[in-house]
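Report on the following structure.
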Amino acid sequence: MLNPAQVLFFFTLILGTLITFSSSSWFTAWLGLELNLLSFIPIISSKFNQYSAEASLKYFLIQALGSAIILSSAPSFLLFESSPNLLICLALLLKMGAAPVHFWFPSVMEGMNWPQCIILMTIQKVAPMLMLSYTHSPLTLSLIFFASAASSLIGSISGLNQTLIRKIMAYSSINHMAWMLAAIHINEIMWMTYFLVYSLISSSIALIMHSQQIFHFNQLSSHNFKTPGIKMVTLISFLSLGGLPPFLGFIPKWLVIQELSNNKAFVWLSILLISALITLFYYLRVTLSTLTLSSPKIKNTLPSSSKTLLSSILFINFFPIFLPLSLTFFT
């Protein structure tokens, strides 16, 4: 249950994000990032999770390093009259957990509870990603391309041998970050569309995992889901997160593919598509093994999700199918 202190820190976390992307100077944006960081540390900490202290310390050290790099870019601009955009871009990539500076992200995710994982995968990416859009230059564009390509390949290949669901979601988030970097290179509206769809789908998976207290790959097949609907909605959400048509997760990837093709960025697009197929493979591995392998010996008796949550998640993932039908009905 949420206590008043956590609610207060959550609102200050949102406030820090709002300050960052509504500020008119780098210093104010940096203050917003610091407020966001100092609000998230108490949210991570939990007396019911023995790994939360380690996760919060890792997160604090990495974010403090990123903030120090942002501050160190100011003297380079004042003394040497060089563009600080490259240093700021590196710091923001470190803060959001994009490859090749992604090493902290899976281990921090592993030490958190599912609600905190939702915040880390969604809200904590907003401020660094929008600040990244302010650093556009030929040099930073090359860095963003390299980070996007590395994130797509590392996020897809590293997720193949994972058995912990939180680590699978972490590497999936790194892979989706590659698509978001490509989307924000196109325009902010494209990034916002991708980010909202990704946030909806990943949050729905995390909420189901939290309600069923599932943390390991084997628990999906051995878990006693109260109704077949919960298992089916979970698997559909995984496939939607992988971008399999006709689910909702395919729509933003389709838009990014279309824009990258129009911009003749075929090398970038090829890397993203190859990595998307690899990530879809390990989502299919989770899905097929859960459907075909069932262990009646180990049965958990944890509470099931509410019907409202399941209906909402099912509608979200099948939205691309329902939308043409609804438009036909109303016209």
Side-chain angles (χ1 to χ4, degrees), residues 92-106 108-109 114 117-130 132-133 144-160 162 165-207 209 236-245 247-260 268-284 286 316-317:
L92 294 174
L93 290 173
L94 176 66
K95 277 180 166 291
M96 71 178 74
V101 283
H102 67 287
F103 49 87
W104 62 272
F105 194 80
V108 169
M109 276 272 290
W114 280 113
C117 289
I118 294 175
I119 298 175
L120 183 62
M121 289 188 296
T122 57
I123 301 174
Q124 295 302 93
K125 296 188 189 306
V126 175
M129 196 73 76
L130 286 175
L132 196 66
S133 65
I144 289 172
F145 167 72
F146 173 72
S148 176
S151 298
S152 63
L153 294 174
I154 290 173
S156 57
I157 295 172
S158 300
L160 288 173
Q162 300 300 325
I165 302 296
R166 280 176 296 190
K167 277 204 169 183
I168 290 175
M169 294 294 291
Y171 284 112
S172 167
S173 180
I174 293 170
N175 179 264
H176 281 281
M177 215 175 305
W179 288 85
M180 283 189 268
L181 288 172
I184 206 164
H185 163 66
I186 299 165
N187 56 56
E188 282 82 1
I189 303 298
M190 183 71 67
W191 170 80
M192 193 178 298
T193 304
Y194 195 103
F195 177 76
L196 288 175
V197 172
Y198 165 73
S199 300
L200 280 173
I201 300 171
S202 59
S203 300
S204 66
I205 293 175
L207 285 173
M209 297 295 112
I236 287 172
S237 299
F238 271 115
L239 294 179
S240 181
L241 190 63
L244 186 71
F247 303 120
L248 180 64
F250 171 69
I251 300 299
K253 287 190 175 182
W254 182 23
L255 295 175
V256 173
I257 289 169
Q258 201 170 20
E259 289 299 322
L260 286 177
W268 199 344
L269 180 58
S270 301
I271 296 171
L272 292 177
L273 288 176
I274 291 169
S275 68
L277 289 175
I278 299 173
T279 52
L280 191 58
F281 168 75
Y282 63 72
Y283 287 132
L284 284 171
V286 172
I316 286 170
N317 287 306

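Quick note: numbers below take in every heavy atom, side chains included, and nothing from hydrogens, waters or symmetry partners. Starting from 1, each residue takes its place in the sequence as its number.
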Any sub-3.5 Å donor-acceptor pair from [X]'s side-chain atoms to [Y]'s backbone N or O?
X	Y	value
Lys167	Pro106	no
Ser203	Leu200	no
Ser151	Ala99	yes
Ser173	Met169	no
Trp114	Ile205	no
Ser148	Ile144	no
His176	Tyr194	no
Ser240	Ile236	no

How many angstroms lie between [atom1] in [X] and [atom2] in [Y], if you round to the nearest 0.5 Å?
X	Y	atom1	atom2	answer
Ile201	Ser172	CD1	OG	9.5 Å
Phe195	Met129	CZ	CE	8.0 Å
Tyr283	Ile168	OH	CD1	8.5 Å
Arg166	Met209	CZ	CE	12.0 Å
Gln124	Ile118	CD	CD1	13.0 Å
Leu255	Trp179	CG	CH2	10.5 Å

Using a 4.5 Å cut-off on heavy atoms from C-beta on, say whether the side chain of [Y] contacts that of [X].
X	Y	value
Leu120	Phe105	yes
Phe247	Leu241	no
Leu93	Leu181	yes
Trp191	Ile186	no

request  = Kindly give the heavy-atom pair with the smallest separation between Met180 and Tyr198, and that separation in Å.
outcome  =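 Heavy atoms of Met180 and Tyr198 come nearest at CE-CD2, 4.0 Å.
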inquiry  = Give me the atom names and distance for the closest heavy-atom approach of Tyr171 to Ile154.
reply    =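 Heavy-atom minimum between the residues: CD2-O, 4.2 Å.
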query = Going through the distances and angles, do Asn175 and Ile278 end up as a side-chain contact (heavy atoms from CB on, under 4.5 Å)?
reply = CA-CA 10 Å; Asn175 179 264; Ile278 299 173; over 6 Å; no
query = Got more than 12 heavy atoms from elsewhere within 6.0 Å of CZ, Phe103?
reply =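 Buried by this count: over 12 neighbours within 6.0 Å.
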ask   = Mind checking what makes ring pair (Phe, Tyr, Trp, His ring centres under 6.0 Å) contact with Tyr282, not counting sequence neighbours?
value =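 For Tyr282 there are no ring pair (Phe, Tyr, Trp, His ring centres under 6.0 Å) partners, ignoring immediate neighbours.
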key: Residues which pass ring pair (Phe, Tyr, Trp, His ring centres under 6.0 Å) with His185, listed by chain and number, not counting sequence neighbours   =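 With neighbours one apart ignored, the set is Trp268.
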ask   = What pairs meet the salt bridge (Lys or Arg N to Asp or Glu O under 4.0 Å) rule with one or both residues in residues 170-190, with sequence neighbours excluded?
value =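 Listed once each, the pairs would be none.
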